[in-house]
Structures are given as C-alpha cells and as structure tokens.
Amino acid sequence: MNPFAEPDVPIAAFAGIPTYARLPHSRDLTGVDVAVVGVPFDGTVTYRSGGRLGPRAVRTASGIVGGYNPAQAVAPFKELRCVDYGDVPVVPGNTERSHAAIERTVRRVLDAGATPLLFGGDHSCTLAHLRAFREAGPVAVIDLDAHTDCADEYFGERYSHGSWLRRAIEEGLVDPSVSIQIGLRGSVDGPETYASARDELGLEYVTTDDVRGRIAETAALVRERVGDRPVFLSLDLDVVDPAFAPGTGTPEPGGLMSYETISLLRQLGPLDFVGFDIMELVPAYDAGEITAVLAGNLGFELLCLLARRRRAASDGAAGAVAAGAVPGPAL
C-alpha cells in the first residue's frame, strides 16, 4: 500500500485539518512524486484582490476530490506519492522578496525530484515558479488564460500579473517557439495586443472563439507545438467563463465552460509535464465555492495526466524487457 495515498483512518470530506484532497501534510519530500504548494501572494493585481486566500479555499473545497478518475482511468494518489507541502512564506506587500521565496520553495521541490502543483495567488507568481526551472533551461509553457499577460508594464511597474509571461521570455525561462496560449478573449487596448504576442514574442495563441466546439483539434495543436519538450502548464481561472468560475481577479464573459476546460486538459497527455499552477482564485468573489471546487478538480485532472504518463513509461519499459531489449529512459 502506498503510505502517501490513504490515511490510516478514513475521515469525512468535511472533517479534519484541510489539506489538498485530504493528502498528508509533510515538509519531508523524501520519496515524494508530487508536492502541492500554496502560493498566497496577490500583491500585483490590477483589479480584484484577495488571491492570497486562494490556497486556503482550494484546500477546503478539494475535500470532495476522490481517488479514481473514470474518464482518465487512473487513480493518481495510488500511482503517485503525493503530499501537501504547505504554503510559501511570502512577504505581504513586497513582490521581490515574495517572488524570491516562491522560487526557493519550488526549487526545493524540484531538487527533491518531485513535481510541483501550485495554487495561487496572482499570476505574477508564475514568473517565480518558472525561475526555479532556470538550471534546466527554457521550458515550453501552456497558458490557459483570458489575457495574454504580455504587457511591458502596468502603471510603470514591470512586474505584475499582466506581464509575467513577457518577463519569463525575456529572462530565457520560456521557449516561445514551443509555447501556446489558449482561451484569449475580451476587450484589449488595440489590435497590437494579440499581434505582439505572436509577432514580437513568438508565442502561438488560440482564442476562446477558436477553441469553442473544437476541443480535440485544439488539444492536437497543443501536443504538436509542444512535442517532447518539458512543459509547464499554467491555468488562470479567468479562462473559464465567470458563470462557472466567478471567484477570480479579472473575470471575462464568454469563456470556456468548466466541462470544456476539463475535456481539454484530459486530451493533453502524454506531454512531459514538469510542473503546474492554477492561479487567480479569489474566494471573496466566489459563489457557493464553485470556483474553488473547480480549481481543486482541475488539479486532480492534472495529476491524472502525470499518473498516466508514469504508467505508460512503466508499461513501455516492462514491454521492452520482455522483448529482450534494453529499456530506454522513461518518457
């Protein structure tokens, strides 16, 4: 039995100290495959604040997350050793020091050989998440978002939740030639907003209008663009229509339904995911915890992608040994 998968004594979804999906809380990463980390910082938002309370909200709402995913045919908490690592010790009001703390925490997870699943928090934190991967070289990024987050500055500030992706590309953390944004929509400053993401920065993007009704085609496009590169997936909850996710910082009408978002994620296997974050959960604007519940379930779907890849690699190696071949590295 996986000691990380099930508590000795089962507890009800509404009982006990909240951790993500009722996983054990541990700062010991020995033998851990996945560390769930809260990133309670929202110091760069330009509209609604309150994302600092997002990690706490998703932990409470994720108590109903089960163990088996029938759509992906996998039980991630049995296939993977997962823990809730707790929160980053951010510094309220100080972006630089908070980002440094976030980078150190994620680096600690990576050094232990674990994959981070991060819940925020405003989207500027993703820059710090990606800085932790610096030594491994630029990664591909799949960004599900209503906005490009490629502004050069906001109110004279270069570091904000609307500029993190441009900064990450400038710092050499992201390879834009294999990265893609999904779900862009809403009013923008002008026609150059989208054009600059593609023409200036080299990103590809797919608008919500392009995705709607073409989930399978969109997933195929993403898989083709990313290829076999290590990929970090970042999901801003405003990619989902506010009817399904009202608890977010910059809501945009006309977004993806929760079903469409989940369906898209399920079709992104078997990409080589090295990390995930789910950002911009603002519980003060939530309704009946529907956004927090969605965030918790989106995290579960992402863990299922990891578990499926692990299983495929294991099955492939076993098949190679049975055939008398020398098994290659895990995919």
Side-chain angles (χ1 to χ4, degrees), residues 42-49 51 95 99 120-131 138-215 217-222 224-226 229 231-242 245 248-256 260-261 264 277 279-280 282:
D42 64 355
T44 78
V45 294
T46 55
Y47 191 49
R48 291 174 171 176
S49 60
T95 300
H99 281 192
D122 78 45
H123 219 164
S124 76
C125 300
T126 301
L127 175 61
H129 302 163
L130 293 170
R131 284 172 174 166
V139 298
V141 164
I142 301 171
D143 178 33
L144 283 76
D145 204 323
H147 311 100
T148 67
D149 291 354
C150 290
D152 189 38
E153 62 178 37
Y154 274 99
F155 303 99
E157 295 292 329
R158 288 171 52 79
Y159 296 94
S160 85
H161 73 153
S163 62
W164 68 268
L165 187 48
R166 177 181 286 270
R167 296 287 92 83
I169 293 172
E170 291 173 348
E171 293 183 19
L173 309 174
V174 173
D175 183 348
S177 69
V178 291
S179 299
I180 188 167
Q181 297 187 289
I182 303 168
L184 302 184
R185 68 180 186 280
S187 57
V188 296
D189 293 336
E192 71 281 355
T193 300
Y194 289 177
S196 64
R198 177 179 286 162
D199 301 336
E200 180 185 348
L201 298 177
L203 290 164
E204 186 56 86
Y205 68 84
V206 182
T207 67
T208 297
D209 289 337
D210 294 330
V211 177
R212 181 62 52 78
R214 291 184 286 272
I215 299 296
E217 293 87 344
T218 302
L221 172 63
V222 174
E224 179 181 4
R225 185 166 178 86
V226 171
R229 292 290 296 274
V231 57
F232 186 97
L233 186 145
S234 183
L235 190 149
D236 186 325
L237 285 162
D238 68 21
V239 75
V240 184
D241 190 276
T248 192
T250 316
E252 292 283 357
L256 297 176
E260 293 172 314
T261 308
L264 177 61
D277 65 29
M279 309 303 288
E280 300 277 350
V282 182

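Side chains included, hydrogens not; waters and symmetry mates left out as well; all remaining heavy atoms used.
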Of the non-hydrogen atoms in [X] and [Y], which two are nearest, and what is the gap between them?
X    : Y    : answer
E252 : A146 : CG-CB, 4.0 Å
S234 : H123 : OG-NE2, 2.7 Å
P176 : V174 : CD-O, 3.1 Å
C150 : Q181 : SG-OE1, 4.4 Å
I182 : V239 : O-CG2, 3.6 Å
V226 : A140 : CG1-CB, 4.2 Å

Carefully, step by step, assess D236 and H147 under the rule side-chain hydrogen bond (donor to acceptor under 3.5 Å, both in side chains). CA-CA 9 Å; D236 186 325; H147 311 100; 5.1 Å; no

With heavy-atom distances below 4.5 Å as the criterion, would you say the side chains of [X] and [Y] are in contact?
X    : Y    : answer
V45  : V282 : no
R229 : D175 : yes
L165 : T148 : no

Taking the side chain from [X] and the backbone from [Y], do they hold a donor-acceptor pair closer than 3.5 Å?
X    : Y    : result
T207 : D210 : yes
R166 : A197 : no
R158 : S163 : no
Y205 : A195 : no
H161 : T46  : yes
D241 : G254 : yes
R225 : S179 : yes
R185 : D209 : no
T248 : E280 : yes

Tell me, yes or no, whether the heavy-atom count around D189 atom CG, taken from other residues, nucleotides or ligands under 6.0 Å, exceeds 12. no

Rounded at 0.5 Å granularity, tell me how far [atom1] in [X] sits from [atom2] in [Y].
X    : Y    : atom1 : atom2 : answer
W164 : D145 : CH2   : CG    : 7.0 Å
E171 : L130 : CD    : CG    : 9.5 Å
T44  : H99  : OG1   : NE2   : 6.0 Å
D277 : L235 : CG    : CG    : 8.5 Å
L201 : L203 : CG    : CG    : 5.5 Å

Please determine whether side-chain contact (heavy atoms from CB on, under 4.5 Å) holds for the pair T126 and D143, giving the CA-CA distance in whole Å, both sets of side-chain angles, and the decisive distance to 0.1 Å. CA-CA 10 Å; T126 301; D143 178 33; over 6 Å; no

Could you go through V206 and V222, starting from their C-alpha distance and side-chain angles, then the distance that decides it, and tell me whether this counts as side-chain contact (heavy atoms from CB on, under 4.5 Å)? CA-CA 10 Å; V206 182; V222 174; over 6 Å; no

Go through the side-chain N and O atoms of D238 and T250 and say whether any donor and acceptor fall under 3.5 Å apart. no

Any side-chain donor near an acceptor of the partner, D122 and S124, under 3.5 Å: yes

Write out all pairs satisfying ring-ring contact (aromatic ring centres under 6.0 Å, His included) with one or both partners inside residues 172-193, taking only residues at least two apart or from two chains. none

